[in-house]
Asker: 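Please see the structure below; I have some questions.
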Amino acid sequence: MVRGLAGMAGVAQSVQASSVGAQLPPEFARSDSEHDQNQAGAAPPEIPVIDMSLSCYGARMAEAAREWGIFQVVNHGVPPSAVSELQRVGREFFALPQAEKQRYAMDPSSGKTEGYGSTMQRGGNQKTWADFLFHNIAPPSAVNHAVWPENPEGYREANEAYCGHMRRLTRTLFEVLSAGLGLQEGAMAEAFGGDEVVFLHKINFYPPCPQPELALGVAPHTDLSALTVLVPNEVPGLQVSRDGRWCDVEYMPGALIVHIGDQIEILSNGRYKAVLHRTTVSKEKTRMSWPVFVEPPTELVVGPHPRLITGECPAKYKAMKFKDYKYGKINKLLQ
């Protein structure tokens, strides 16, 4: 659990503030079981890149969701200016003094579960090398502007503009992925809450790490969400698991990275796969990413779509409220 930073001004409670020094603090070192297992040999396959201006992109997208659980999209319709402005305000937020960032700190003990945080405040013996800021950006009923930074200038406008593009793009992704399952185009959006689908924006900040070979920015996991749409900066680090190897996701200017999350895997009854991924860090450069997690409302029940359950293919997943699934996975209760 992340503890709030309120009342902790003057204390370095972030990876960013503690990233100077020649030695990696021991609590950030990976366990032996997490060290790379990749062996020398043929280069791993490349993540699919899908051009959404081509007529065949829907079939390629469905294939990538089945085979990889991740793909990059180009010619996706999100203006470069909207992406660059989102990145600008994110970079400028993390350039603020620590005390200013701490004004927006999370404090789950008081019910403040959105805002600024760091893996340094998490319990447990092993931590990852990352600070972050996150908050809902849609629908309006789920948005709390009190946790949105007032600085830098233009932060709210950049997030609201980008959110509009994400809602449009997500509708298209849901339609294409629904059709790839043999469902009506609107089936997936309806199953995840329609206009009440939640969009959660997160900014990940991975400062230079003194011993990057020993640390991770994010440990291996699949996303809780239905899907995730991510903007990276130019510093590599995202890796996905494929045939027992970790494959780098190459940086492609202008592309967006789409992850299939747990909820789509469940709805598809396993036909689409949530991607297992992790993040590495750099010794010399700061890596940042701007994912938007697209989630069902907390009270919505998600399970395999009825049309995808047959005598030959029974339900592989238990239907449950999203909040219960989320609680169980975060607390490692799900089997």
Side-chain angles (χ1 to χ4, degrees), residues 48-65 69-90 134-145 148 154-181 183-203 223-232 252-261 263-264 267-268 272 275 289-297 300 302 322:
V49 177
I50 297 171
D51 186 342
M52 294 184 67
S53 69
L54 301 179
S55 60
C56 63
Y57 85 86
R60 289 203 61 212
M61 193 174 287
E63 179 183 13
I70 188 172
F71 47 89
Q72 300 201 60
V73 292
V74 296
N75 292 317
H76 41 67
V78 180
S81 58
V83 175
S84 62
E85 183 66 0
L86 185 80
Q87 292 180 301
R88 178 191 70 80
V89 296
F134 71 96
H135 52 74
N136 291 337
I137 54 175
S141 59
V143 173
N144 176 13
H145 286 122
W148 292 33
Y155 184 91
R156 177 169 175 173
E157 292 80 2
N159 275 262
E160 290 178 341
Y162 188 72
C163 178
H165 297 297
M166 284 297 98
R167 297 186 86 168
R168 177 199 56 76
L169 177 61
T170 296
R171 283 194 296 271
T172 300
L173 294 173
F174 279 164
E175 289 172 358
V176 169
L177 293 171
S178 292
L181 294 171
L183 303 175
Q184 294 293 322
E185 286 187 345
M188 192 170 285
E190 180 181 357
F192 293 137
D195 291 340
E196 296 305 307
V197 169
V198 176
F199 290 73
L200 171 63
H201 177 218
K202 186 177 184 183
I203 308 172
D223 289 345
L224 287 160
S225 58
L227 57 78
T228 304
V229 182
L230 180 144
V231 174
M252 179 171 292
L256 298 174
I257 302 170
V258 179
H259 299 210
I260 300 299
Q263 305 310 305
I264 283 183
L267 182 75
S268 71
Y272 294 150
V275 62
S289 65
W290 291 258
V292 171
F293 300 94
V294 184
E295 303 179 342
L300 190 72
V302 177
F322 179 63

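Throughout, numbering of the chain's residues begins at 1 and tracks the sequence. What you see is a predicted model; the values in this text were computed from it and never measured. Just the heavy atoms: all of them, side chains too, but no hydrogens, waters or symmetry mates, feed the values below.
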Asker: Go through the structure and list residues passing side chain to side chain donor-acceptor pair (under 3.5 Å) with Tyr57, not counting sequence neighbours.
Answerer: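 Checked Tyr57 against side chain to side chain donor-acceptor pair (under 3.5 Å); zero matches.
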
Asker: My understanding is that only residues two or more places apart in sequence, or in another chain, count here; which of them pass salt bridge (Lys or Arg N to Asp or Glu O under 4.0 Å) with Glu85?
Answerer: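 Counting only residues at least two positions away or on another chain, Glu85 forms a salt bridge (Lys or Arg N to Asp or Glu O under 4.0 Å) with Arg88.
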
Asker: Identify the two heavy atoms, one from Pro48 and one from Ile70, that lie closest to each other, and give their separation to 0.1 Å.
Answerer: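 Closest pair (atom of Pro48, atom of Ile70, distance): CD-O, 3.8 Å.
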
Asker: Would you say that Leu169 contacts Met52 through its side chain, given a criterion of any heavy-atom pair below 4.5 Å between the two side chains?
Answerer: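 Yes; the side chains approach each other to less than 4.5 Å.
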
Asker: Please find the pair of heavy atoms, one from Ile50 and one from Ala64, that lie closest to each other, and give the distance.
Answerer: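 Scanning both residues, the minimum pair turns out to be CD1-CB, 4.2 Å.
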
Asker: Taking the side chain as C-beta and beyond, is there a heavy-atom pair between Met188 and Leu173 under 4.5 Å?
Answerer: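 With C-beta onward as the side chain, the pair stays apart.
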
Asker: Not counting sequence neighbours, which residues clear side chain to side chain contact (heavy atoms under 4.5 Å, CB included) with Ala142? List them please.
Answerer: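 Scan of Ala142 (side chain to side chain contact (heavy atoms under 4.5 Å, CB included), adjacent residues dropped) gives Asn136, Pro139.
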
Asker: Taking side chain to side chain contact (heavy atoms under 4.5 Å, CB included) as the test, write out the residues that go with Ala65, two or more places apart.
Answerer: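 In terms of side chain to side chain contact (heavy atoms under 4.5 Å, CB included), with neighbours along the sequence ignored, Ala65 is linked to Leu177, Ile260, Tyr272.
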
Asker: Could you report the tightest heavy-atom contact between Phe71 and Met61, atom names first, then the distance?
Answerer: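 Looking at all heavy atoms of both residues, the closest pair is CZ-CG, 3.3 Å.
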
Asker: Could you tell me whether the side chain of Phe192 reaches within less than 4.5 Å of the side chain of Leu267, counting heavy atoms only?
Answerer: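 A side-chain contact exists here, since the closest heavy-atom pair is under 4.5 Å.
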
Asker: Which residues satisfy the side chain to side chain contact (heavy atoms under 4.5 Å, CB included) test with Val49, sequence neighbours excluded?
Answerer: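 If we apply the side chain to side chain contact (heavy atoms under 4.5 Å, CB included) test to Val49, skipping adjacent residues, the hits are Gln72, Val74, Met252.
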
Asker: Can you tell me which residue pairs pass the side chain to side chain donor-acceptor pair (under 3.5 Å) test with a partner in residues 157-167, sequence neighbours excluded?
Answerer: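 Passing the test, one end in residues 157-167: Arg156-Glu160, Asn159-His201.
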
Asker: Using salt bridge (Lys or Arg N to Asp or Glu O under 4.0 Å) as the criterion, list what pairs up with Arg171, not counting sequence neighbours.
Answerer: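 In terms of salt bridge (Lys or Arg N to Asp or Glu O under 4.0 Å), with neighbours along the sequence ignored, Arg171 is linked to no residue.
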
Asker: Who pairs with Ser81 by side chain to side chain contact (heavy atoms under 4.5 Å, CB included), at least two apart in sequence or on another chain?
Answerer: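 Per chain and number, Ser81 pairs via side chain to side chain contact (heavy atoms under 4.5 Å, CB included) with Pro79.
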
Asker: Using modelled atom types only, decide if a donor and an acceptor are shared between the side chain of Gln263 and the backbone of Leu224 within a distance under 3.5 Å.
Answerer: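 Yes; judged by distance alone, with no hydrogens or angles, the pair exists.
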
Asker: Measure the spacing between CE of Met166 and CG of Leu256 and express it to the nearest 0.5 Å.
Answerer: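 These two atoms lie 5.5 Å from each other.
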
Asker: With rounding to the nearest 0.5 angstrom, report the CD to OG distance, Gln184 to Ser178.
Answerer: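 Going from CD on Gln184 over to OG on Ser178, the span is 9.5 Å.
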
Asker: At what distance, to the nearest 0.5 angstrom, does CD of Glu295 lie from CG of Asp223?
Answerer: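 CG of Asp223 is found 9.0 Å from CD of Glu295.
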
Asker: List the atom of Pro232, the atom of Ile257, and the distance in Å for their closest heavy-atom pair.
Answerer: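 Closest pair (atom of Pro232, atom of Ile257, distance): CG-CD1, 4.0 Å.
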
Asker: Test of understanding: with side chain to side chain donor-acceptor pair (under 3.5 Å), list the residues that count as partners of Trp148, not counting sequence neighbours.
Answerer: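 Trp148 satisfies side chain to side chain donor-acceptor pair (under 3.5 Å) with His135 only.
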
Asker: Work out which heavy atom in Asn75 is nearest to a heavy atom in Ser53; give both atom names and the distance.
Answerer: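 So the two residues come closest at ND2-OG, 3.6 Å.
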
Asker: Residues two or more places apart in sequence or in another chain: which of them pass salt bridge (Lys or Arg N to Asp or Glu O under 4.0 Å) with Glu196?
Answerer: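 For Glu196, no residue satisfies salt bridge (Lys or Arg N to Asp or Glu O under 4.0 Å) once neighbours in sequence are set aside.
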
Asker: According to ring pair (Phe, Tyr, Trp, His ring centres under 6.0 Å), who are the partners of Phe293, at least two apart in sequence or on a separate chain?
Answerer: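 Listed in chain order: nothing, the list is empty.
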
Asker: Which heavy atom of Pro296 sits nearest a heavy atom of Val302, and at what distance?
Answerer: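 Heavy-atom minimum between the residues: CG-CG2, 3.9 Å.
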
Asker: Given Val294, which partner from the list Leu227, Thr228, Leu200, Val198 fulfils the side-chain contact (heavy atoms from CB on, under 4.5 Å) test?
Answerer: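 Looking at Leu227, Thr228, Leu200, Val198, the match for Val294 under the side-chain contact (heavy atoms from CB on, under 4.5 Å) is Leu227.
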
Asker: Apply side chain to side chain donor-acceptor pair (under 3.5 Å) to Ser289 and list each qualifying residue two or more places apart in sequence or on a separate chain.
Answerer: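 For Ser289, the residues satisfying side chain to side chain donor-acceptor pair (under 3.5 Å) (neighbours in sequence not counted) are Asn204.
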
